[in-house]
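Before any comments, here is the structure.
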Amino acid sequence: MRTPVRECAFILLPWLCAQSEERKVAMKIGIIGVGKVGGSFLAACHEAAALEIVGIKVGRTPRANSSIWQAYGVKVHEAGAAVLLEADVVLLTVPDGQIENAAVKLAGELQAKAQNQQLSAKVCLHCSGSLGLEPLAPLAELGIHCGSLHPLQSFAEARPVFSGIGMAVDGDPEAEQAARFLAASLRAQPFTVPASERRAYHAAACFCSNYLVTVTAIAQELLSRWTADKVSALQVLLPLIDGTVQNLHQVQQAGEALTGPIARGDADTVAGHLAVLPAALQQVYRELGRQTVPLAFANGSINEETAAHLLQLLQERQAKE
């Protein structure tokens, strides 16, 4: 006989049973690794009515981030196994390069402390954007439901910055359900990225976040020639960046927010930039320009002839070096 959803479609995961307004059981969350990401999850989960932080493991240097977890009065454990055994869902928020070792260590601790039937109701989610589920294999072998939950956000400090952001989820059915529930409880927008495509997904995030910092640093260095110092250069660039971001908020396709010489088909200005830029930056400028020309053409701001001329200009300059 089919089990009614409200009686619990996921027998082992009771926090998924009822509709949100009827749910009386909070999802119990444990966190292993309380740095910027882990601390942000701690702060956000503490504020969410459907979530309850039941324990954390703070890492090798607990004093470094003590202000993060002490403010919430959570139970601190020396072993990750103690965190998982108290929680429904454990977030493994250690650096990417440490996830596999952390999973191996956690599995070893659990083998000595828990029976398999206890572990079959547990979920472990790593928070890497680029890794698949292979690093969690030692935990999956114990019957733990494994998956991933990656917040599409940059973390300069530990703070609850999840409302409205995207979260990439993956895992076995129970783990993905748990990840989606957790994301929704934090008012984030979950979407599935399968393990085989995680690297491409993470590359997209790097373009938008990390490389925005890179091109801004290039602009800051160039502009500092005419400002009091580099700090001043960044300060005058920030309103330009903010304006561009605001333009992006007004469109459905990022390319529609394009402005500048390529959007206008101004080949003379592009050639002038190439003539004065330091040699080390010309290749970066050309490649960005080549990626920009199709956007301008798609917007209809330049015709096919102008697009071809701009691409030829960028290619020719490259060939002359």
Side-chain angles (χ1 to χ4, degrees), residues 10-16 27-39 41-42 45 53-62 65 74-151 167-183 190 192-199 201-202:
F10 296 86
I11 303 297
L12 299 177
L13 308 178
W15 29 265
L16 286 174
M27 175 190 277
K28 296 178 180 179
I29 304 295
I31 301 175
I32 297 177
V34 188
K36 294 175 183 178
V37 176
F41 270 113
L42 173 58
C45 290
I53 297 289
V54 295
I56 62 173
K57 181 178 182 295
V58 296
R60 297 177 182 176
T61 55
N65 297 302
V74 297
K75 187 183 298 185
V76 181
H77 297 277
E78 293 184 3
V83 177
L84 186 138
L85 292 176
E86 289 195 16
D88 298 314
V89 177
V90 164
L91 297 175
L92 202 55
T93 56
V94 299
D96 287 15
Q98 298 178 22
I99 291 175
E100 184 173 3
N101 288 340
V104 169
K105 182 178 180 181
L106 180 57
E109 295 172 353
L110 290 167
Q111 284 177 319
K113 291 190 175 185
Q115 299 297 319
N116 287 342
Q117 57 263 34
Q118 291 178 280
L119 300 181
S120 63
K122 304 296 183 180
V123 173
C124 183
L125 304 171
H126 74 60
C127 296
S128 167
S130 62
L131 296 179
L133 303 181
E134 296 85 356
L136 300 182
L139 299 173
E141 290 172 1
L142 297 180
I144 297 170
H145 301 290
C146 293
S148 60
L149 173 67
H150 179 253
M167 283 196 183
V169 303
D170 186 30
D172 66 30
E174 290 83 358
E176 185 169 340
Q177 281 277 17
R180 286 182 171 275
F181 177 89
L182 201 160
T192 300
V193 179
S196 61
E197 299 176 5
R198 298 289 287 195
R199 290 179 179 176
Y201 152 77
H202 196 246

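Everything numeric in this text was worked out from a predicted model, so none of it was measured.
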Heavy-atom check, side chain of Lys122 versus side chain of Val90, under 4.5 Å | no
Taking the side chain as every heavy atom from C-beta outward, state whether Val34 and Val76 have any pair of such atoms under 4.5 Å apart.
-> no
Looking only at heavy atoms, which two atoms of Ala140 and Cys146 are closest? And how far apart?
-> N-SG, 3.6 Å
Tell me which donor-acceptor pairs under 3.5 Å the side chains of residues 124-135 have, and how far apart each pair is, sequence neighbours excluded?
residue : atom : partner : partner atom : Å
His126  : ND1  : Ser128  : N            : 3.1
His126  : NE2  : Gly132  : O            : 2.7
Ser128  : OG   : Asp96   : OD1          : 3.4
Ser128  : OG   : Asp96   : OD2          : 3.0
Ser128  : OG   : Ser130  : N            : 3.2
Ser128  : OG   : Leu131  : N            : 3.1
Ser130  : OG   : Asp96   : OD2          : 3.4

For the atom pair CE (Met27) and CD1 (Ile53), what is the distance rounded to the nearest 0.5 Å?
-> 11.0 Å
How far apart are the closest heavy atoms of Ala87 and Gly30, and which atoms are they?
-> CB-N, 3.5 Å
What is the minimum heavy-atom distance between Ile32 and Val94, and which atoms define it?
-> O-CG1, 3.7 Å
Distance-only, no hydrogens or angles: does the Glu109 side chain make a donor-acceptor pair with backbone N or O of Ala81 under 3.5 Å?
-> yes
Partner set under side-chain contact (heavy atoms from CB on, under 4.5 Å) for Pro190, not counting sequence neighbours | Val169, Arg180, Ala183
Taking the side chain as C-beta and beyond, is there a heavy-atom pair between Leu42 and Ile29 under 4.5 Å?
-> no
Distance-minimising heavy-atom pair for Ala103 and Leu139 | O-CD2, 3.7 Å
Set of side-chain hydrogen bond (donor to acceptor under 3.5 Å, both in side chains) partners for Asn101, sequence neighbours left out = none
Contacts of Ala195 that satisfy side-chain contact (heavy atoms from CB on, under 4.5 Å) - sequence neighbours left out = Asp170
What residues, two or more places apart in sequence or in another chain, satisfy side-chain contact (heavy atoms from CB on, under 4.5 Å) together with Val37?
-> Phe41, Thr93, Phe155
Point-to-point distance, once rounded to the nearest 0.5 Å, from CG of Leu91 to CD1 of Ile56 | 12.0 Å
To the nearest 0.5 Å, what is the distance between CD1 (Ile144) and OG (Ser120)?
-> 9.5 Å
Ring pair (Phe, Tyr, Trp, His ring centres under 6.0 Å) partners for His202, two or more places apart | His150
Those residues at least two apart in sequence (or on a different chain) that pass salt bridge (charged side-chain N to carboxylate O under 4.0 Å, His left out) with Lys75 are Glu86
Nearest heavy-atom contact between Gly147 and Leu136 is O-CD1, 3.4 Å
Could I get the full list of side-chain contact (heavy atoms from CB on, under 4.5 Å) partners for Ala82, not counting sequence neighbours?
-> His77
Over all heavy atoms of both residues, which pair between Val83 and Gly55 is shortest? Give the atoms and the distance, please.
-> CG1-O, 3.5 Å
